[in-house]
Amino acid sequence: KTIIMHLRPWKLSHLDDLCNYANNPKIANYLSDRFPNPYPRETGEWFVNYTCAPENRDRFRVIEIRGEFGGAIGLHPDEDIFRLNSEIGF
């Protein structure tokens, strides 16, 4: 069976799902060290607001699977001499 996924813009209504997934140790264990664990709701609020800012709107998406939150993907630009590079996080 084909699983259909969509990439959607972030909305504040995704906050609860983000925090639920982010506080799951089976998920958090595979994320970068800069990802906080436990994941405070305030961090989630900051992140969703950051992704919704006009200058970031094209770099971050929610992964929607069968109409439900399934994760996120984003481009994280590097700095200094690496400023032309980006990390893809999902």
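- Going from atom CG of N49 over to atom CG of L12 covers 6.0 Å, rounded to the nearest 0.5 Å.
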Point to revise | Steps toward side chain to side chain contact (heavy atoms under 4.5 Å, CB included) verdict (L7, V62) | key: CA-CA 6 Å; L7 299 179; V62 166; over 6 Å; no

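- Minimum interatomic distance between P36 and T43 (heavy atoms only, all atoms of both residues): CG-CG2, 4.0 Å.
- Here NZ of K11 is found 12.0 Å from OG1 of T51. Values are rounded to the nearest 0.5 Å.
- Atom SG of C52 is separated from atom NE2 of H14 by 9.0 Å, given to the nearest 0.5 angstrom.
- Note on residues 61-80: pairs passing salt bridge (charged side-chain N to carboxylate O under 4.0 Å, His left out), not counting sequence neighbours, are R8-E64.
- Note that OH of Y39 is 12.0 Å distant from CG of N20, once rounded to the nearest 0.5 Å.
- Among pairs with a residue in residues 29-46, those fulfilling salt bridge (charged side-chain N to carboxylate O under 4.0 Å, His left out) read D16-R41, R34-E87, R41-E45, at least two apart in sequence or across chains.
- For F47, the ring pair (Phe, Tyr, Trp, His ring centres under 6.0 Å) test picks out W10, F60, with sequence neighbours left out.
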Hey, can you pull the donor-acceptor pairs under 3.5 Å for the side chains in residues 24-32, sequence neighbours left out?
from : atom 1 : to  : atom 2 : distance (Å)
N24  : OD1    : K26 : N      : 2.8
N29  : ND2    : P25 : O      : 3.0

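- Applying the side chain to side chain donor-acceptor pair (under 3.5 Å) rule to N56 yields the partners R59; only residues at least two apart in sequence or on another chain are considered.
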